[in-house]
Amino acid sequence: EDESLGLLSSEDDEDHHDGSNGGGLLLFSADAASSSSSPTQKQRQKRRRRRRNSFDYDEVGDSSFSSSVCSSTKCLTCCMVVILIVAAVATFIPKLPSKDDVDPAYVDYKCPKHIKQALSSYAEFDAIYEEQAKAQDTDNITVFEKTFRTSEFDDWGSTYNEVKAAMTPFKSKYYPPNIKTGDNIYESACGIGLNLLMTLEILYETANITDITVYGNEYIEFSTNKANDIFDKMHTDFNLKKGRICMGDSANLFNVPSDSFDLVFSGYISALVDPLNFNAGTQENYDQYYYKLCNATDWQGQKLNELAQKVQDDWFGRWVGEMVRIAKPGAAVIAEQISETYCGHEYDWGGVSKDFWVEGVNRYDWDVDPESIVIEDDQLFQARYHVFMKKNDEEDSEDD
């Protein structure tokens, strides 16, 4: 059958139309070819369908491949765009400091937006302090730098240079051994900042200590602004750095973190003008009231006088307690220009006795070594004195 089919398929039709015996062969072969050619045609048809299908599959494959390539390209493009955007934004974002980049003298806290009226606030005195601050013109810092040293210092009746000369022996003795270059310092009730500036000058001139970061608080808002203005503009040889100078109550430094400063001091602790709330109206009237109590012979007057001094002691206790709290363990805490009690020296504003300090360690639970307390008389004002003490270090606190 295969040979007949092969012969038929290889010869022309006219060679087989002569009617010879070959016709039978032709019929036979035709039948055989008919029966054998059908599957071959089906096979051919299947092959054609397969080729068509394989072509379709190739087209689909190519399409899928093209789609995947396009998708990959789009994805890559999107990724590149995102990377470029992130890189561009990153150039405008400040680098987060590492532990090694952070200045160890920097203390991070915010100034309070509002503070409550301090117990020591007295309208007559507050007005005087504000007028003193306004008298210091810092708009032209060059002129200020040339004139402030010969101008009156904080209504003390002495110039800046005179006060500096009187304070240098004490400051040069107790400050340099307890602070070094690169440390920070905090003044409680810093006014417009001149005593703080004076302290930095003495540290530099007597011990070559520089790069001190300054912090402080002041109750009078105008004075606080003036202090910031001075430390922002002042030109110095000792590279001062300003941290935070906030408006605040020295007896309630709620915004200032504990254990933060290498040295804490106050140039003057403002006494309570009217500890018994007589509301007498003027300083002259207050003086009359409290002068009478100091000289009272009746038990009621003597009792009121004791109560007035206890209220004053408690006020100082709170103020000093805050200074101790914000000092680092083992740091120096210094109180300058402390007034004696009102009855001990009636021509000053009132204060505490020298015995108050050692007794205050236990009475007010100050974290202070009582054996570190040293008291020295002031050279500028009669019946005023300075106090030096040290906060307990961590080992002493744990032992206690």
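The distance between the ring centers of Y290 and F278 falls below 6.0 angstrom. Here W156 and F381 bring their ring centres to under 6.0 angstrom of each other.
Using a distance-only test at 3.5 Å, with no hydrogens or angles considered, a donor-acceptor pair links the side chain of W366 to the main chain of G317. With hydrogens and angles ignored, the 3.5 Å screen pairs no side-chain donor or acceptor of S258 with any backbone N or O of I326. Remark: side-chain polar atoms of K390 are not paired, donor with acceptor, to backbone N or O of A332 under 3.5 angstrom. In this structure a side-chain-to-backbone donor-acceptor pair under 3.5 Å is missing from D348 to G350. Looking at D262, its side chain does come within 3.5 Å of a backbone N or O of N184 through a donor-acceptor pair. T181 places a side-chain N or O within donor-acceptor distance of the main-chain N or O of T210, the cut-off being under 3.5 Å. When atom types are taken as modelled, the side chain of N217 and the backbone of G248 share a donor-acceptor pair closer than 3.5 angstrom. Of the possible donor and acceptor atoms, none in the side chain of T213 sits under 3.5 Å from a partner among the backbone N and O of K241. Judged by distance alone, the side chain of R318 and the main-chain N or O of N252 form no donor-acceptor pair under 3.5 Å. Checked by atom type and distance alone, the side chain of Q312 pairs as donor or acceptor with a backbone atom of L272 at under 3.5 Å.
Under the disulfide (SG to SG under 2.5 Å) criterion, no residue pair touches residues 178-245, with sequence neighbours excluded.
Between the side chains of N392 and D369, no donor-acceptor pair of N or O atoms lies under 3.5 Å. There is a side-chain donor-acceptor pair under 3.5 Å between K242 and N228. Judged purely by distance below 3.5 Å, without hydrogens or angles, the side chains of D229 and T138 pair a donor atom with an acceptor atom. Remark: the S188 side chain and the S250 side chain contain an N/O donor-acceptor pair separated by less than 3.5 Å. For the 3.5 Å distance criterion, the side chains of Y364 and E359 fail to qualify, holding no donor opposite an acceptor.
A side chain to side chain contact (heavy atoms under 4.5 Å, CB included) with F153 is found for exactly one of N161, L194, T159, namely L194. Of the candidates K354, Q382, H386, D377 forms a side chain to side chain donor-acceptor pair (under 3.5 Å) with just one, namely K354.
Residues E336 and Y174 form no side-chain contact, since every pair of their non-hydrogen atoms from C-beta on lies 4.5 Å or further apart. Using a 4.5 Å heavy-atom threshold, the side chains of L276 and L307 count as touching. Between S260 and Y186, the closest side-chain pair of non-hydrogen atoms is not below 4.5 Å. Taking the side chain as every heavy atom from C-beta outward, E376 and V387 never approach each other to under 4.5 Å.
Salt bridge present: R149 and E201 bring a charged side-chain N and a carboxylate O closer than 4.0 Å.
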Are R363 and D313 close enough, and set up right, to give a salt bridge (Lys or Arg N to Asp or Glu O under 4.0 Å), and what steps lead you there?
CA-CA 10 Å; R363 185 190 306 175; D313 288 352; 3.6 Å; yes

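Taking both residues in full, the closest heavy atoms of W357 and I375 are given as CD1-CD1, 4.0 Å, listed atom of the first, atom of the second, then distance. Between T224 and C246 the shortest heavy-atom distance is CG2-C, 3.6 Å.
Counting heavy-atom neighbours within 6.0 Å of K233 NZ, excluding the residue itself, gives a total above 12.
Using cut-offs of 30° and 60° for the angle between ring planes, the Y175 and F265 rings count as perpendicular. Using cut-offs of 30° and 60° on the angle between ring planes, the pair Y106 and Y215 is tilted.
Transitive grouping of hydrophobic side chains (ILVMFWY, heavy atoms separated by less than 4.5 Å) brings I209 and M234 into a common cluster.
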